[in-house]
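Right, one structure below, let's go through it.
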Amino acid sequence: RVVPFLGWGVHFGDPASTASDRPMTAFELAQELAQRFEFPDTWPLDLSSVTTWVAEKIDKRGLYYELRERLFREYVPRAAHKLVVALSMRDGGGTRVPRVPVVLTPNYDDTLERAFRHFGEPYQVVSYIADGFNAGKFLFRDVEGGHQVLNPRSDAVSTDVPVIVKLHGGFDRDDPH
């Protein structure tokens with residue numbers, strides 16, 4: 001069993017990829033947000049600094065809107081996405097046993113989830129909650145699409161089906177907010 005980590009570089013799996021068919025780099029995103037929100041040039045130009053400044057000084061909802069607009073597109077699954085899906089399940093004597101029980105990713109996009117759906121493979125998602133009453137906790141979405149906030153002290157997630165852990169959170173296509 002392996003636990004792959006799919007970072008942002010996973011989107012560079014195709015030599016023909018262009019900036020329009022992959023998510024922005026953290027620096028590209030920081031530059032766009034800095035320009036959009038008139039970020040002071042006295043601060044360091046990195047994504048963490050820009051998003052923290054915008055959320056605290058300007059408008060957290062506006063920041064989320066801009067992030068969603070820039071990051072929430074249907075990117076093409078790359079070779080690494082497809083490999084994870086291909087390795088995720090195997091026949092274990094009549095039952096399906098995951099060889100890849102958990103996939104860790106800091107990515108906000110849902111390219112991996114769409115790859116699982118494309119190949120008809122079940123998956124679950126655990127996603128960091130960055131804001132609101134449950135900030136700092138994780139949201140669990142099961143195979144059927146049901147949601148629940150996890151209590152980190154007592155809740156466990158079954159790995160009978162692969163679990164995608166979105167370390168920084170993500171966007172829900174069914175929820176426009």
Side-chain angles (χ1 to χ4, degrees), residues 1-11 23-24 26 29 33 46-52 54-56 59-75 77-78 80-90 92 95-177:
R1 291 183 169 203
V2 297
V3 176
F5 179 89
L6 295 184
W8 181 83
V10 71
H11 292 283
M24 293 181 200
L29 183 57
L33 292 172
D46 62 72
L47 188 57
S48 178
S49 296
V50 173
T51 56
T52 299
V54 171
E56 291 179 1
D59 177 17
K60 191 181 289 188
R61 291 214 54 79
L63 172 63
Y64 289 159
Y65 173 82
E66 295 296 331
L67 287 170
R68 187 179 185 92
E69 286 294 304
R70 287 166 173 74
L71 297 174
F72 201 55
R73 300 182 181 144
E74 292 196 10
Y75 300 108
R78 304 294 183 194
H81 297 107
K82 295 172 186 175
L83 178 62
V84 167
V85 175
L87 292 175
S88 69
M89 300 302 277
R90 67 176 166 85
T95 61
R96 294 173 64 83
V97 178
R99 287 186 287 184
V100 177
V102 176
V103 182
L104 302 175
T105 182
N107 298 342
Y108 293 102
D109 65 85
D110 67 346
T111 309
L112 182 58
E113 293 94 310
R114 287 186 310 99
F116 271 92
R117 285 193 302 273
H118 174 78
F119 290 104
E121 292 292 345
Y123 64 93
Q124 306 169 99
V125 177
V126 173
S127 183
Y128 181 74
I129 301 171
D131 194 27
F133 180 75
N134 290 308
K137 296 181 181 176
F138 285 85
L139 181 68
F140 172 67
R141 188 175 71 229
D142 63 27
V143 175
E144 288 84 32
H147 293 78
Q148 86 177 58
V149 175
L150 295 177
N151 179 340
R153 295 177 189 253
S154 62
D155 292 335
V157 175
S158 168
T159 57
D160 293 341
V161 172
V163 179
I164 300 168
V165 179
K166 301 186 80 81
L167 300 169
H168 295 304
F171 295 101
D172 185 345
R173 286 191 186 275
D174 298 329
D175 181 1
H177 305 290

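- F119 approaches K82 most closely through the heavy-atom pair CE1-CG, 4.0 Å.
- When all heavy atoms are compared, the tightest approach of L6 to P106 is O-CD, 3.4 Å.
- The line from CG of L63 to CZ of R68 is 13.5 Å long, rounded to the nearest 0.5 Å.
- Checked against ring-ring contact (aromatic ring centres under 6.0 Å, His included), F138 has the following partners two or more places apart in sequence or in another chain: Y128.
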- Going through the distances and angles, do L67 and Y108 end up as a side-chain contact (heavy atoms from CB on, under 4.5 Å)? CA-CA 9 Å; L67 287 170; Y108 293 102; 5.7 Å; no
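- To the nearest 0.5 Å, atom CD of residue E74 and atom CG of residue D110 are 7.0 Å apart.
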- Take V125 and L139, measure what side-chain contact (heavy atoms from CB on, under 4.5 Å) needs, and give me the verdict at the end. CA-CA 8 Å; V125 177; L139 181 68; over 6 Å; no
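- Annotation: side chain of P162 is not in contact with side chain of V103 (no heavy-atom distance under 4.5 Å).
- Atoms CG and CG, on D46 and L29 in that order, are 11.5 Å from each other to the nearest 0.5 Å.
- Closest approach of Y123 to I164, counting heavy atoms only: CD1-CD1, 3.9 Å.
- Taking CG of N107 as the start and CZ of F5 as the end, the distance is 7.5 Å to the nearest 0.5 Å.
- Taking all atoms of both residues into account, the shortest heavy-atom contact from Q124 to V143 is CG-CG2, 3.9 Å.
- The shortest heavy-atom contact between V165 and V102 is CG2-CG1, 3.8 Å.
- To the nearest 0.5 Å, the span separating NE2 on H81 from OG1 on T105 amounts to 7.0 Å.
- For the pair S88 and V85, the tightest heavy-atom approach, listed with the atom from each and the gap, is OG-O, 2.7 Å.
- Residues meeting the salt bridge (charged side-chain N to carboxylate O under 4.0 Å, His left out) test with E113, sequence neighbours left out: K166.
- Within 6.0 Å of atom OH in Y65, 12 or fewer heavy atoms from other residues, nucleotides or ligands are found, so the atom counts as exposed in its surroundings.
- Between the D142 side chain and the E144 main chain, a donor and an acceptor come within less than 3.5 Å of each other.
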